[in-house]
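The structure displayed is predicted, hence computed values, not measured ones. As a basis for the values below, the full set of heavy atoms in this structure was taken, side chains included, without hydrogen atoms, waters or symmetry mates.
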Amino acid sequence: MSLEWIDEHSIKAAGDVTLAKDQWRVDDIIIPVMGRTGVGKSTFINDAAGKEVVTVGHGLNSCTAKIQHVFCKCPGDPSRRVVLVDTPGSDDTYISDEEVLRCIAVWLADSYGQDMKLAGILYLHDITQSRMFGTMLRDLDVFRKLCGEDAEKNVIMVTTKWAKITANVGQEREKDLTSVFWKEMMTHGSTTARFDQSRPWDVMRPILANKTVVEAIRIQKELVDFGKKIPETDAGIVLYSRLKKVVDSRGEAIERLEKNAQDDTQLQKLGETENEARELLSLRKRIVGRQ
C-alpha cells in the first residue's frame, strides 16, 4: 500500500518524512525513538552514532520538528544496519501535539504499507522530572494507545539524565515509575533501561538480541487495515479529546469574562482569550479536516 494509501486518505502533507523503498533493507534493525520534547532523544541518537548527526536543543526551543533517520552499523554484525528514527516530541516549540501525532502516524502507516518491520521501540523519560504531570500522563497514554498492548513487549522505557540527580533520588523515582505509572506496561512485557551516555548501545541490547520483529503496532493496523482516520484511532481519541476540553474551557472563560468585564484590563483579557479560542478552533478544524 505504501504512499498510495497515504495519499488516498489525505493524511500526508508537504514536508512529511518517510523512509523510501531504496533507503531501507529487509535486514535493517529499525528502532523508533519516542518521548516528550527535551527528554534527550537526539542526544541518545548522537551518542549511538558516535558523532553529531541530529541537532540537540540546549535551550527552551525544540530542535526535532520532523522525522529523521540515522543509519548505524550494528555492533557485532557490521553487515547489518540499525536505523534509529528520531521523532518529534509532544510539547514542541513549533508544532502542535496533534501535528506531532500526524507526522508519526504518517511514518508508521507508510512503513507498514511497505512491509517494513520494527525491531522495537524506545520511549525516553527524563528522570530529573520530580512528578508525572497531567500532560506527561496524557502523553504516556497516547503512546500506549499508539502501540497497543500486544506490542508493549517490544517497548523499552528508557530513563535519561541520570548525571543531573543523585543516585538515591533517581532510584526512588525509577521505583515510582515501574511500580505505578509503567506497572501495567511491565506486566505486558515492557522493560526498562538507564541511558548512560558512555554506553548508549547497552539500552538497545535486548532489541538487538531479539530475533523477532513487531508485525504491526495498533495505529498501523487502525490506519491501514481498518481505514480509520487519525482522530478515530485510539491514540487520536485520547489526544483530540484533550483539545476539545481546552477549547471548551476557553469558551467557559469567555462567558465569565463577558459577564464580569468592567475595565480596560478585563476587556483586554477577554480579547486575548477570544483570539486564543479562535486559534484553537481553527487548529482543530484544520487537522480534522485534513484527516
Point to revise | Euclidean distance, Asp16 CG relative to Ile67 CD1, rounded to 0.5 Å | key: 8.5 Å

Exercise for review: Kindly write out the residues that satisfy side-chain hydrogen bond (donor to acceptor under 3.5 Å, both in side chains) with Asp176, not counting sequence neighbours, or none if the list is empty.
Suggested key: none

**Study point:** Gln220 side chain vs Ala109 backbone, donor-acceptor pair below 3.5 Å
**Key:** no

Exercise for review: If a pair satisfies ring pair (Phe, Tyr, Trp, His ring centres under 6.0 Å) and one of its residues is in residues 205-236, list it, with sequence neighbours excluded.
Suggested key: none

**Study point:** Sequence-distant partners of Glu184, salt bridge (charged side-chain N to carboxylate O under 4.0 Å, His left out), two or more places apart
**Key:** Arg144

Exercise for review: Would you give the length of the straight line joining atom CG of Leu84 to atom CG of Leu122, rounded to the nearest 0.5 angstrom?
Suggested key: 7.5 Å

Review point. Which distance, rounded to the nearest 0.5 Å, do you find between the CD of Gln197 and the OG1 of Thr160?
Key: 9.0 Å

Point to revise | Salt-bridge contact Glu232-Lys229 (side-chain N to carboxylate O under 4.0 Å) | key: no

Point to revise | Any donor-acceptor N/O pair, Glu222 side chain to Ile217 backbone, under 3.5 Å | key: no

Exercise for review: Answer with yes or no whether the hydrophobic clustering places Val214 together with Trp24; edges join I, L, V, M, F, W, Y residues whose side-chain heavy atoms lie under 4.5 Å apart.
Suggested key: yes

Study note, to complete from the structure: Here the ring pair (Phe, Tyr, Trp, His ring centres under 6.0 Å) pairs for residues 138-194, sequence neighbours left out, are Tyr123-Phe143, His125-Trp182

**Study point:** Contacts of Ser179 that satisfy side-chain hydrogen bond (donor to acceptor under 3.5 Å, both in side chains) - sequence neighbours left out
**Key:** none

Review point. Going hydrophobic residue to hydrophobic residue with side-chain gaps under 4.5 angstrom, can you get from Val213 over to Val224?
Key: no

Revision key, fill the gap. One should read off an interatomic distance between Lys228 NZ and Leu223 CG, to the nearest 0.5 angstrom, of 9.5 Å

Check your understanding: Going by atom types alone, do Asp139 and Ser90 pair a side-chain donor with an acceptor below 3.5 Å?
Key -> yes

Can you give each donor-acceptor pair under 3.5 Å made by side-chain atoms of residues 26-33, sequence neighbours left out, with the distance rounded to 0.1 Å?
{"residue": "Asp28", "atom": "OD1", "partner": "Arg81", "partner atom": "NE", "Å": "3.0"}
{"residue": "Asp28", "atom": "OD2", "partner": "Arg25", "partner atom": "N", "Å": "2.7"}
{"residue": "Asp28", "atom": "OD2", "partner": "Arg81", "partner atom": "NH2", "Å": "2.7"}

Check your understanding: Would you say the side chain of Thr192 lies within less than 4.5 Å of the side chain of Val158, judging by non-hydrogen atoms?
Key -> no

Point to revise | Pairwise ring pair (Phe, Tyr, Trp, His ring centres under 6.0 Å) hits with a residue in residues 189-208, at least two apart | key: Phe44-Phe195

Point to revise | Heavy-atom check, side chain of Ile104 versus side chain of Val100, under 4.5 Å | key: yes

Review point. Would you say the side-chain atoms of Lys41 pair up with the backbone N or O of Arg36, donor to acceptor, closer than 3.5 Å?
Key: yes

Exercise for review: Determine, step by step, whether Asp86 and Lys66 satisfy the salt bridge (Lys or Arg N to Asp or Glu O under 4.0 Å) criterion, reporting the C-alpha distance in whole Å, the side-chain angles of both residues, the deciding distance to 0.1 Å, and the verdict.
Suggested key: CA-CA 8 Å; Asp86 192 12; Lys66 293 182 179 179; over 6 Å; no

Exercise for review: Taking the side chain as every heavy atom from C-beta outward, state whether Met132 and Leu140 have any pair of such atoms under 4.5 Å apart.
Suggested key: yes

**Study point:** Flag side-chain contact, heavy atom, 4.5 Å: Arg218 against Thr233
**Key:** no

Point to revise | Residue pairs, two or more places apart or on separate chains, that pass side chain to side chain donor-acceptor pair (under 3.5 Å) and touch residues 164-174 | key: Glu174-Arg194

Exercise for review: Please round to the nearest 0.5 Å and tell me the distance separating atom CG of Leu146 and atom CG of Leu108.
Suggested key: 6.0 Å

For residues 203-210, which side-chain N or O atoms pair as donor and acceptor with protein atoms under 3.5 Å away, sequence neighbours left out?
{"residue": "Arg205", "atom": "NH2", "partner": "Asp202", "partner atom": "OD1", "Å": "2.6"}
{"residue": "Asn210", "atom": "OD1", "partner": "Thr212", "partner atom": "N", "Å": "3.1"}
{"residue": "Asn210", "atom": "OD1", "partner": "Thr212", "partner atom": "OG1", "Å": "2.8"}
{"residue": "Asn210", "atom": "ND2", "partner": "Thr212", "partner atom": "OG1", "Å": "3.2"}

Review point. For Asp126, does its backbone N or O pair with a side-chain atom of Gln129 as donor and acceptor, under 3.5 Å?
Key: no

Review point. Is there a donor-acceptor pair under 3.5 Å between the side chain of Ser190 and the backbone N or O of Ile156?
Key: no

Revision key, fill the gap. Applying side-chain hydrogen bond (donor to acceptor under 3.5 Å, both in side chains) to Lys161 and not counting sequence neighbours gives none

Review point. Is Ile127 linked to Met186 within one hydrophobic cluster, defined over Ile, Leu, Val, Met, Phe, Trp and Tyr using a side-chain heavy-atom separation of less than 4.5 Å?
Key: yes

Study note, to complete from the structure: Sorted by chain and residue number, the side chain to side chain contact (heavy atoms under 4.5 Å, CB included) partners of Lys183 (sequence neighbours excluded) come out as none

**Study point:** From SG (Cys103) to CD1 (Ile95), nearest 0.5 Å
**Key:** 5.0 Å

Review point. Side chains of Glu52 and Asn46: do they bring a donor and an acceptor to under 3.5 Å?
Key: no

Check your understanding: Got a sec, which residues hit side-chain hydrogen bond (donor to acceptor under 3.5 Å, both in side chains) with Asp115, two or more places apart in sequence or on another chain?
Key -> Lys117

Check your understanding: Is the shortest heavy-atom distance from the side chain of Met116 to the side chain of Leu19 under 4.5 Å?
Key -> yes

